[in-house]
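Below: the structure, in structure tokens.
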Protein chains: 2
Amino acid sequence: MKSKYTTIIDIAKQLNISKSTVSRALTGHPNVKEHTRKAVLELASTMEYQRNSLALGFSKHTTHTIGIMVPEFMSTYFPSVIVGVQDVMQAAGYNVVICQQNESYETEVDNMKLLLSYRVDGIIVSHTKETRNFDHFALAQRRGVPLVFFNRVPEELNVPNVIVNDYEAAFQAVEHLISIGRKRIAHLAGPDALVNSRLRRQGYLDALKKHGIPYNPDLVLSYDLTIEKVKIYMKHFLDLGTPPDALFAINDPTAIAAMEVVKAKGLRIPQDIAIVGFSNDLSAGLVYPGLTTVAQPTGEIGRMAAEMLLQELNAKVKNDYTIKKAPTTQLPTKLIIRESTVAKTK
Amino acid sequence: MKSKYTTIIDIAKQLNISKSTVSRALTGHPNVKEHTRKAVLELASTMEYQRNSLALGFSKHTTHTIGIMVPEFMSTYFPSVIVGVQDVMQAAGYNVVICQQNESYETEVDNMKLLLSYRVDGIIVSHTKETRNFDHFALAQRRGVPLVFFNRVPEELNVPNVIVNDYEAAFQAVEHLISIGRKRIAHLAGPDALVNSRLRRQGYLDALKKHGIPYNPDLVLSYDLTIEKVKIYMKHFLDLGTPPDALFAINDPTAIAAMEVVKAKGLRIPQDIAIVGFSNDLSAGLVYPGLTTVAQPTGEIGRMAAEMLLQELNAKVKNDYTIKKAPTTQLPTKLIIRESTVAKTK
DNA sequence: CAAAATATTGGGACCGTTCCCATGAAAAAT
DNA sequence: ATTTTTCATGGGAACGGTCCCAATATTTTG
């Protein structure tokens with residue numbers, strides 16, 4: 001079963017020279033006669049020669065390809081981070097392959113194995129909401145494959161990462177709700193296993209404390225981020241004896257699902273209940289009323305993660321994060337105020 | 001520079017057996033003594049052996065990996081197609097790598113080269129809106145790498161594809177606008193180079209004709225799908241002596257951008273102008289008012305494309321589409337009526 | 001013009017795996 | 001007990017490149 005691909009040996013035979021010379025001509029090695037190089041390049045072009053990256057990566061132990069693993073991409077958050085990553089990596093001459101885990105731990109492990117088995121030079125990761133075991137990441141580190149995390153960063157691992165200040169952003173978001181006079185602020189939180197979920201909740205709690213609003217456990221629910229559940233929890237909140245007058249949601253999809261429940265009940269946003277989300281998904285600006293939310297610099301997060309990965313890749317001596325503290329980059333967020341908290345005056 | 005990865009030779013040495021036997025044990029070849037197999041598997045596990053797919057693909061000329069190339073993924077359309085593809089391919093034991101072209105022809109060519117140089121077994125494609133030259137796809141075909149197109153299918157190439165009936169769907173959408181009494185129906189069309197853009201426009205034209213509405217060229221504009229332009233064109237429409245009372249937009253992002261212009265001008269949707277989009281992006285259900293649009297079965301499109309690719313991959317004798325007509329699968333669409341054409345009665 | 005330096009080319013090892021073929025060992029058949 | 005068959009293993013080529021070293025060709029130098 002001969003492959004249909006042209007090889008350097010085919011070219012060498014045709015020109016009656018050695019494959020070494022062909023290789024040199026194609027890779028731009030200086031010691032090739034101009035005449036020879038020209039002949040090789042021409043024939044390569046007419047024969048539609050296409051270098052075999054498998055053979056190359058196999059023999060050179062480096063592939064000039066990086067992987068990026070994201071938990072999902074139905075919101076605009078991860079796609080726009082990926083675009084940022086691609087910008088930087090392509091400019092640096094790297095290929096980027098994308099893996100999507102569907103929020104499944106098993107898929108994540110499989111995809112990690114896939115990327116390692118293809119010997120990618122490095123990986124940019126945001127783990128799934130299910131991930132509790134981080135061995136597959138530790139394995140990559142042991143293999144000398146640098147990782148950079150973003151958004152969801154495991155505490156169990158000392159890895160370079162780029163994040164936003166979730167605590168501070170949540171604090172501000174809740175303070176904003178307080179500033180518009182809300183006192184019964186509910187919080188739909190994410191699973192405790194996610195660090196940013198915990199940080200956002202802490203920001204919520206501390207903002208309440210600062211403004212002397214007692215913490216009411218009835219108004220806080222952690223959930224697994226499966227959107228269908230939002231309906232249940234939100235109905236529960238609205239059915240309380242004294243329902244909340246505001247909601248701080250862990251992310252925009254949650255906030256938007258909650259808005260639907262509120263509207264279906266005939267309540268007004270923001271008059272009856274003000275709502276704040278997190279991340280500034282494209283949808284946040286489209287829903288009615290517009291959703292107040294914490295904007296994250298997604299493109300910049302991707303670019304920054306890529307830069308950090310390049311640093312790792314270019315380090316003459318590999319950083320050993322079993323002994324050295326891994327670097328963190330923290331990027332700024334911005335509270336975007338829309339009509340879900342402040343009704344338009346007109 | 002020794003690699004940190006364990007190889008079968010390392011295992012063979014430790015156990016004092018040949019690498020052939022190790023290979024057989026690991027791949028599940030029947031002719032290995034149970035005792036030996038167990039020893040190999042155990043050691044492989046403790047040494048964290050990870051097969052080298054580069055070496056494997058290199059030596060076997062097949063990688064059990066397929067590529068998927070999409071023009072962008074900021075709308076929900078392509079991500080959800082991808083999820084469908086992954087479903088089917090993973091179940092069939094294939095790996096899926098995703099490439100995103102940012103609607104750039106150059107990136108598309110680069111990514112095609114990348115996938116070919118990694119010797120993927122097949123590719124599922126939707127090309128960019130810029131793509132006019134299809135040589136890079138023809139090259140893959142010549143290499144014996146099967147392609148399946150979806151959504152945007154080049155006419156220049158005879159390739160398996162999965163599509164929806166764009167003509168019929170557009171026809172229905174426009175008929176719907178006529179049925180609610182609209183007579184001056186504008187159309188924001190895509191570039192003529194895209195087949196589905198032409199088909200949707202033809203559906204528009206024929207629906208008008210069927211209902212005896214004369215075609216008014218002033219109400220049709222083709223554009224390059226860069227959203228900023230929508231503002232200009234929409235303003236132009238609204239500034240006409242007798243502005244349109246409805247808009248049929250080539251896709252949902254276009255429709256949504258148009259809605260913003262309309263709202264900014266203080267006009268009411270649908271009373272002053274009714275709007276229909278195409279594809280039923282997630283956003284379509286979120287905007288205010290809800291956008292009437294043509295739903296495409298995105299997940300099913302992905303699953304179908306994957307099934308068709310599997311057929312190509314499993315064909316004992318490769319299909320030669322230079323002599324044989326390539327198969328097409330057409331999936332049904334559904335018009336989703338929301339408040340952008342029919343105001344809620346309440 | 002011979003010797004030395006340099007430019008160009010060829011030869012072959014190497015990367016990790018599979019797979020075919022040969023060999024040896026054990027089991028079955030005579 | 002001897003021959004045949006089957007089972008288990010080892011040996012080595014092949015895959016497509018790169019790269020080091022050796023060999024040859026060309027140019028420069030004294």
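Labels below follow one simple rule: chain letters A, B, ... track the order of the sequence lines, proteins then strands, and each chain is numbered from 1.
For Ser23(A), no side-chain nitrogen or oxygen approaches OP1 or OP2 of dG17(D) to under 4.0 Å. Put simply, Tyr118(B) has no side-chain N or O that comes within less than 4.0 Å of OP1 or OP2 on dG16(D). In terms of phosphate contacts, Tyr5(A) brings no side-chain nitrogen or oxygen within less than 4.0 Å of OP1 or OP2 of dG17(D). Look at Thr21(A) and you won't find any side-chain N or O under 4.0 angstrom from OP1 or OP2 of dT9(C).
The aromatic rings of His127(A) and Phe137(A) sit tilted, their planes meeting at an angle between 30° and 60°.
For Asn31(B), the listed nucleotide lying nearest its side chain is dA8(D); candidates were dG16(D), dA8(D), dG12(C). Side-chain proximity of Val32(B) to dG16(D), dT9(C), dT9(D): nearest is dT9(D). Listed nucleotides: dC19(D), dT9(D), dT9(C). Nearest to the side chain of Lys60(A): dC19(D).
Nucleotide dT18(C) holds its P atom 11 Å from the CD1 atom of Ile9(B), rounded to whole Å. Look at CD on Gln50(B): it is 14 Å from C1' on dG16(C), rounded to the nearest Å. The distance between atom CG of Asp10(B) and atom C1' of dT17(C), rounded to the nearest whole Å, is 13 Å. The distance from atom CD of Glu34(A) to atom C1' of dT8(C) is 13 Å, rounded to the nearest whole Å. Remark: C1' of dG10(C) and CG of Asn16(A) are 12 Å apart, rounded to the nearest angstrom. A straight line from NE2 of His35(B) to C1' of dT9(D) spans 14 Å, rounded to a whole angstrom. The CD1-C1' distance, from Ile11(A) to dT18(D), rounds to 15 Å in whole Å. Atom CG of Leu26(A) is separated from atom C1' of dC19(D) by 15 Å (rounded to the nearest Å).
If you check every strand for non-hydrogen atoms under 4.0 Å, Asn52(B) touches sugar and phosphate atoms only. Nucleic acid contact for Ile17(B): sugar-phosphate only, since backbone atoms but no base atoms lie under 4.0 Å from a heavy atom of the residue. If you check every strand for non-hydrogen atoms under 4.0 Å, Arg24(A) touches a base.
Proximity of a side-chain donor or acceptor of Arg37(B) to a complementary backbone N or O of Ala25(B) within less than 3.5 Å is detected.
Residues Leu56(B) and Lys33(B) each lie close to DNA chain C; by heavy-atom proximity, the contact nearer the 5' end of the strand is made by Leu56(B). Nearest-nucleotide positions on DNA chain D for Lys19(B) and Phe58(B) put Lys19(B) closer to the 5' end.
Asn95(A) and Tyr118(B) are not linked by any side-chain donor-acceptor pair at a separation below 3.5 angstrom, with hydrogens and angles left out of the test.
In the interface, the side chain of Ser20(A) is paired with the base of dG12(C) through a donor and an acceptor atom under 3.5 Å apart. Taking 3.5 Å as the limit, the base of dG17(D) and the side chain of Thr7(A) contain no donor-acceptor pair of atoms between them.
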